Peer 1: 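I am attaching a structure below and will ask some questions about it afterwards.
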Number of protein chains: 2
Amino acid sequence: MAIPRAAKTQRRTRIQEEKEERILEAALDVFSSSGFRGSTIDQIAEAAGMSKPNLLYYFRTKEAIHRQLIDRVLFTWLEPLRAFDAEGDPEAEIRSYIRRKLEMARDFPRESRLFANEILQGAPHIEDELKGPLKELVDEKAEVIRAWARAGKITGCDPYHLIFSIWATTQHYADFDVQVRAVLGQESAGEGRFEDAARFLEQLYMDGLRIRAD
Amino acid sequence: MAIPRAAKTQRRTRIQEEKEERILEAALDVFSSSGFRGSTIDQIAEAAGMSKPNLLYYFRTKEAIHRQLIDRVLFTWLEPLRAFDAEGDPEAEIRSYIRRKLEMARDFPRESRLFANEILQGAPHIEDELKGPLKELVDEKAEVIRAWARAGKITGCDPYHLIFSIWATTQHYADFDVQVRAVLGQESAGEGRFEDAARFLEQLYMDGLRIRAD
DNA sequence: GTAATGTTTTACCAATCGGTCAAATTATCG
DNA sequence: CGATAATTTGACCGATTGGTAAAACATTAC
């Protein structure tokens, strides 16, 4: 007799752990490239190499898979911002924040796209977490940046829009990858674009375009 | 006898024009917030205030609606970049390019999201146009920027990544609107964030953060 | 070993999907 | 007006959707 799904006993089986991981991995593939509504359980099941009812034995609904995936991504996605250190050197902190976000765009593009898909569609599943934990974290770091400006270590600027711009420019290389590749052409087929981007962004944030009057 | 659908006679009826417009308008709403696969003909039909078969009288397939929408958006979306003038003053040109892109994000967020959705899902319908016309346009403008750098009017930098970063930072305010609003909180409920963003981006691109060594 | 539990499969369901068809209705034009 | 063409509707289709029921099968604990 099976009272399954998150098991009667609190303990999770080895098989449970393995299969759940495989499902989440497959679901990340599917959700990140088709969005929630555009993805089907069958696609995920096939990608995970199991039958649909078997998949539904581990996750009761499509939403349950998605929610767990989103929760994970949301957490790891904010790691770099959490690491932002008020005591550190402004230049080094901003530089390393940009670098880390860019590395994440390079190494975890699916996670970035999953998140982008969710936000694009109005964040129906995570609005609360955006207005709560996310906002609080950004508020905190914005205050750090403001303090740096007050101390004269950095030009005064809107810290929120600074953070937005770093998010936008770095995640762009994951979310709009197809476009970036199309525009750069195949001559730059490798991962060189990430190094070029890093160089460019570093220069942009450190010095701007340094436009000289004629 | 109806041989309808893009009409037997070359001329388009008044009704045809009106209804097609209404359908495209409704489809923009639906596609931009649910993506292609996530949207249904029924949703579009309802939003357009007509029955599904009636809608399908004007557009044979769901894809046909989507294609026409994408084509339109792709064209108008590149207007600002096309206006980028080689003969103009670098500072004024870049400044006005940023301003125009930001205005488009503010005034046509659905169009931006439609495009973002398409790219996010791998641009299955427009890969050719990205690799063709889009790439050519960007190549041309990149050369303009390079010429400015050679002439010493602007710091040397990778022109492609400069363009990417302007795209990313401006479209962010349309595509990630929900997130931006959530983080800024409701105190900034109005459209003030666009003015703040404009100020910030102008400063960023003109001077960078002007970080001073301790 | 065997009994209890955990896992997988087969067969299935109602709802929704994109799309068709033919008949009914409305607009246009001489 | 009448006729012809354009538009709209309701009824329908096969395929796919998210999800279920129950029995077959495998694993674990004793």
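Worth saying up front: this structure is predicted, and the values here are computed from it rather than measured. Below, chains carry the letters A, B, ... as their sequence lines are ordered, and counting in each starts from 1.
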Peer 1: Take the protein atom CZ of B/Arg37 and the nucleotide atom C1' of C/dC17, then report the distance between them rounded to whole Å.
Peer 2: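 So the CZ-C1' distance, B/Arg37 to C/dC17, works out to 14 Å.
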
Peer 1: Separation of A/Lys62 atom NZ from C/dA15 atom C1', in whole Å?
Peer 2: 14 Å

Peer 1: Taking it one step at a time, do A/Asp42 and A/Glu46 satisfy side-chain contact (heavy atoms from CB on, under 4.5 Å)?
Peer 2: CA-CA 6 Å; A/Asp42 299 82; A/Glu46 201 203 324; over 6 Å; no

Peer 1: Could you tell me if B/Ser165 and B/Tyr205 have a donor-acceptor pair between their side chains, going purely by distance under 3.5 Å?
Peer 2: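 Per modelled atom types, B/Tyr205 and B/Ser165 side chains form a pair under 3.5 Å.
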
Peer 1: Roughly how many Å is it from CD in A/Glu46 to C1' in D/dT16, rounded to a whole number?
Peer 2: 14 Å

Peer 1: Which nucleotide wins on minimum distance to the side chain of A/Leu56, given the candidates D/dT20, D/dT17, C/dT20?
Peer 2: D/dT20

Peer 1: Taking only the side-chain heavy atoms of A/Ile41 (C-beta and beyond), determine which of C/dG19, D/dT8, D/dG18 contains the nearest atom.
Peer 2: D/dG18

Peer 1: Send over the distance from B/Leu55 CG to C/dC21 C1', rounded to a whole Å.
Peer 2: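 Taking CG of B/Leu55 and C1' of C/dC21, I get 17 Å after rounding.
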
Peer 1: Take atom CD of A/Glu18 and atom P of D/dA26, then tell me their distance rounded to the nearest Å.
Peer 2: 17 Å

Peer 1: Would you tell me if any nitrogen or oxygen in the side chain of B/Ser51 comes within less than 4.0 Å of OP1 or OP2 on D/dT9?
Peer 2: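 Yes, such a contact exists.
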
Peer 1: In whole angstrom, give the distance that lies between atom CD of A/Gln43 and atom P of D/dT16.
Peer 2: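 Atom-to-atom, A/Gln43 to D/dT16, this comes out as 12 Å.
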
Peer 1: Tell me whether the side-chain N or O atoms of A/Lys52 pair up with the base of D/dG18 as donor and acceptor below 3.5 Å, since no angle test is needed here.
Peer 2: yes

Peer 1: Is B/Arg110 salt-bridged to B/Asp29, going by a charged N under 4.0 Å from an acidic O?
Peer 2: yes

Peer 1: Can you see if the side chain of B/Tyr57 gets near the phosphate of D/dT8 - specifically, an N or O under 4.0 Å from OP1 or OP2?
Peer 2: no

Peer 1: D/dT16 C1' sits how many Å from A/Asp42 CG, rounded?
Peer 2: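 Computing the A/Asp42:CG to D/dT16:C1' distance gives 8 Å.
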
Peer 1: If you round to the nearest 0.5 Å, how far is CD1 of A/Ile145 from CD of A/Glu140?
Peer 2: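 The CD1 atom of A/Ile145 is 11.0 Å from CD of A/Glu140, to the nearest 0.5 Å.
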
Peer 1: Would you indicate which nucleotide in C/dT8, D/dA11, D/dT7 comes nearest to any side-chain atom of A/Tyr58?
Peer 2: C/dT8

Peer 1: Within the pair A/Gln16 and C/dT7, is there a side-chain N or O less than 4.0 Å away from OP1 or OP2?
Peer 2: yes

Peer 1: Keeping the roles fixed (side chain from A/Arg113, backbone from A/Ala174), state whether a donor-acceptor pair exists under 3.5 Å.
Peer 2: yes

Peer 1: Given atom CG of A/Asn54 and atom C1' of D/dA21, what is their separation to the nearest angstrom?
Peer 2: 15 Å

